[in-house]
Amino acid sequence: MVRGKLILICQHGGEFVPKDDGSLSYSGGEAHALDISPETSFDDLKYTLAEKSDLEHKSLTIKYFLPGNRRTLITLSNDKDLKRMYDFHENSVTADVFVTGTKGFAPVNLGTQAKRKIVSKKGAASSAGPATSKVARTAGGLKDVTVGIATPSDSVAGVNATLRSPTRAAKRTAGRNIVDGLFEVSVADATDCSADTIDMSASPADTVKKRRRTASWRSGANGLAIETAADNLEDTRKTPSRKRAGRKCNAVAVADNMSLAPPSDASPDVLVEFWKNGITGEGQDFGSVAEFRDALQKYAIAHRFGYRLRKNDTNRAYAVCAVEGCPWKIHASWVPSASVFRVKRVDEPHTCDSESRKTATPAKKNWLVNIIKDRLKDSPHHKPKEIANSILHDFGLELNYAQVWRGIEDARQQLQGSYKEAYGQLPWYCEKIEETNPGSFTKLLIGDDRRFQRLFLSFHATVYGFQSGCRPLLFLEAIPLKSKYHEILLTATGLDGDDGIFPVAFAVVDDENEDSWHWFLEQLRSAVSTSRPLTFVSDRDKGLMKHVLEIFENAHHGYSIFYLMDNFIQNLKGPFHGEGRGSLPGCFLAAAKAVRHGGFRMYTEQIKRVSSSAYDWIMQNEPEYWANAFFKGELYNHITLNIAESYANWIEDSRELPIMQKIEVLRCKIMDLMESRRVESSNWTTKLTPSKQEMLQEEFAKARGLKVLFSSDTLFEVHDNSINVVDIVKQHCSCAMWKPTGLPCHHAIAVFNNTGRNVYDYCSRYFTADSFRSTFAGSINPASTIAHPVGSEEGREEEDDEQIMPPIARPIGQQQKKIRRNKSQGIIRRSVCCTRCKGVGHNKVSCKVSVTPDTDITDMTVSL
């Protein structure tokens, strides 16, 4: 089957707008429609687009998207790129291209780079002739036609020449047109009309270079005559090559024998019905052996039988049914005289029914990849088993897991780009991030074997926001990317004035270990240079304290209350008394939040009365690094959310994307977060952020009716159920609730109400609406508006010099498991607890203790 034309929707004058999912949309400008074929040259296309868009020819750039991928633009720079784009859109009717350049179209010399009116053989004059010529040829015989040739001199002289025309029976006329030394010869045919341009300004050297593929002048009995290129090549090549012959006009005859292609969005049932007529019988013609193989494969799928190719080369193809004894066979071969691949013999019918489907599958790789691509466009996270089942249902083909898995890999590579090659684009991406976001910090680390190891990235907007509006508090998290090479995402996250997460920096590393964390903290120190003492919070099991204190001066390190609570619940060990096991998590959280030593002791004693082992666990896990009563850094235990889960949700839909696109998704999420909170805060009318304003209003309600006694201008006594001393200079209250929360307690508010002071003057600046707006004042600019120069020669050389291999994929079973401390390090393993006798080491089914109604279970002891 001969492929038809591809319609290009050429857009210019607009701009790209990023979407939430990381894709790009084109807004504004104008659009033109052009159609191209496999024979269209890049120079012709570029010149035509420059003229239609009114853009300077030399400055013109042409870009397009791969089908199904609206994130990365691909550049067209030569004929090979244009053919590749045509192949990418083989199943499409239209393709969008985007044109940019300098305004103002200026026609160029038609002899060097011109807008051609037809596609034909070129002609050139020899050094003895007065002009060069382009000659239109068809497949017929030769006929002498007299034409007039004009020269660009003051006195135009007519020269009669005999043109060897390729048509024998058609009536022809010739005309001329002189433009800046160019001579245009128009040859009219009864069935076709075309025009050729003759370059009168070409040098003899240009003529010699083109003599093998152009016409030349010769002297004959009737005067000067033009000899076509076919005459020069007649002795050396009797028949044209198959590749060139397939492109000739007579190949159109092949398409006349074929049915129209089905719609690109056709259902599987429609496709199968169309494929059933792919092979019609003896005498059917195809443009090439590849088209015949494709038609045969789809024909076999539609009729649900398997086949084997006994002969399979460029000259012939011979296939038989996969079932022994079945008489079906087909034979096709190349016909040089007609330049077609023709079916010579078909033996029908089948006698094997559907048995051949079990013997051999007719599905080939390219067909399977195209089918999987359609399914991945609808749902990117299809599992191999799901796709195999759908193909079995739609086409009746039984495919194993490995076949479908490989097909998914190839389909994703065509839709999203190569996963391996994406690592080679990281140096370019880092440059673009720093170029489009001045002040941003990136660091790429590559091993001696040119394999990717680590990439650190922090945007100027997030660093500035952290320094100007966030508390000196950073949470360190590690999130598996669940990708092909099992990379790990390391993050440093702050808190905004409304206790929302604020990403400050992140890194993608090949493995999570002490070296990678140490490297990440070193890059973080370079990016976030601040004189404020910082407080870092991380999972206790990661052992990051020594690295934090080594790299950051005057820093504090605390253990995440979220992970401590999780470990506490997992390691609860019976027997339990009093209020029972259910009361322990609440008491543990209350002990962590208690701001006084007495409050911490009170809650831990309650835990001890229920479970002595739980109390021992708390004491062994260093309360000075997580309990508010003892911690010296910025207090954080009111934050109990899972910060890592927020990042995991962000990248959930992008886990199958190449690394650069995955980073782009993160960048877009952060950009969207900053924009949405900036817009949200612009509508606030309160002095504080909403959550802090609500907390302050609750304290205002408690302050009503309190008695205030003046000790001095700055020292006061406030009477409620007890006597509390308030020092407004030190911003301290004896209830110990002012400083930890950053908001005045109700005792201090009572003082402000009696003295006429503004309560907002004594709130932490981090909780004000102005500080919140300052946090999100910056913006993150996209780095993907300029596509990576994969099409240019310079881009290929840079890729070769900076080739980066992906990290070595670690098998799932060999991945490093989360480190757990043993009993000697203070972690008590969870053991089985009997709900009948409260003993440990067994459950109620295997319990051997006899329990009577008079037995006091709380006093019962069990011998193990």
Side-chain angles (χ1 to χ4, degrees), residues 1-5 37-39 90-91 137-141 166-169 191-192 237-263 266 270-323 325-353 356 360 362-364 366-367 395:
M1 291 179 286
V2 176
R3 291 172 52 185
K5 296 180 179 180
S37 66
E39 289 76 33
E90 62 180 351
N91 296 324
R137 300 199 307 117
T138 59
T167 305
R168 183 179 299 274
T191 58
D192 191 13
R237 188 174 59 191
K238 298 296 183 181
T239 59
S241 69
R242 186 163 312 147
K243 188 173 183 180
R244 293 195 178 190
R247 297 178 179 176
K248 290 186 178 181
C249 297
N250 62 352
V252 178
V254 181
D256 296 336
N257 297 327
M258 305 304 298
S259 302
L260 295 176
V270 173
L271 289 176
V272 169
E273 288 299 320
F274 176 79
W275 295 344
K276 285 183 178 179
N277 300 318
I279 302 294
T280 58
E282 296 179 5
Q284 185 180 5
D285 292 338
F286 297 88
S288 65
V289 66
E291 292 181 2
F292 169 75
R293 293 177 191 140
D294 181 68
L296 177 60
Q297 175 186 231
K298 293 176 179 178
Y299 176 81
I301 291 173
H303 290 276
R304 299 194 174 186
F305 71 90
Y307 64 91
R308 293 190 178 95
L309 285 167
R310 295 287 177 84
K311 302 291 183 182
N312 184 24
D313 53 44
T314 57
N315 294 319
R316 56 182 176 172
Y318 176 58
V320 298
C321 181
V323 176
C326 180
W328 183 91
K329 59 177 68 72
I330 185 171
H331 177 263
S333 62
W334 180 257
V335 181
S337 59
S339 297
V340 295
F341 201 85
R342 180 170 296 165
V343 177
K344 299 294 186 63
R345 177 182 176 184
V346 180
D347 291 345
E348 295 183 311
H350 282 277
T351 59
C352 55
D353 297 330
S356 62
K364 306 305 181 202
N366 291 340
W367 177 87
F395 304 104

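What's counted below: heavy atoms across the whole structure, side chains too, no hydrogens, waters or symmetry copies.
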Colleague: Do the rings of Trp334 and Phe341 sit parallel, tilted or perpendicular, given the 30° and 60° boundaries?
Modeller: tilted

Colleague: How close do Leu309 and Ala319 get, heavy atom to heavy atom, and via which atoms?
Modeller: CD2-CB, 3.6 Å

Colleague: Compare every heavy atom of Pro349 with every heavy atom of Pro327, then report the nearest pair and how far apart it is.
Modeller: CG-O, 3.6 Å

Colleague: Could you note down all residue pairs passing salt bridge (Lys or Arg N to Asp or Glu O under 4.0 Å) where residues 330-344 supplies at least one of them, sequence neighbours left out?
Modeller: Asp285-Arg342

Colleague: Would you say the side-chain atoms of Arg308 pair up with the backbone N or O of Val320, donor to acceptor, closer than 3.5 Å?
Modeller: no

Colleague: Looking at residues at least two apart in the chain, or sitting in another chain, which of them share a side-chain contact (heavy atoms from CB on, under 4.5 Å) with Lys311?
Modeller: Arg316, Tyr318

Colleague: Run the side-chain hydrogen bond (donor to acceptor under 3.5 Å, both in side chains) test against Arg345 and tell me which residues pass, sequence neighbours left out.
Modeller: Asp347

Colleague: Evaluate the side-chain proximity of Val323 to Trp328: yes if any heavy-atom separation is below 4.5 Å, no if none is.
Modeller: no

Colleague: I'd like to check Ile279 versus Phe286 (side-chain heavy atoms, cut-off strictly below 4.5 Å). Are they in contact?
Modeller: yes

Colleague: Residues two or more places apart in sequence or in another chain: which of them pass side-chain hydrogen bond (donor to acceptor under 3.5 Å, both in side chains) with Asp313?
Modeller: none

Colleague: Apply side-chain contact (heavy atoms from CB on, under 4.5 Å) to Trp275 and His303, showing your working.
Modeller: CA-CA 9 Å; Trp275 295 344; His303 290 276; over 6 Å; no

Colleague: Can you tell me how far NZ of Lys5 sits from CD of Glu39, rounded to the nearest 0.5 angstrom?
Modeller: 10.0 Å

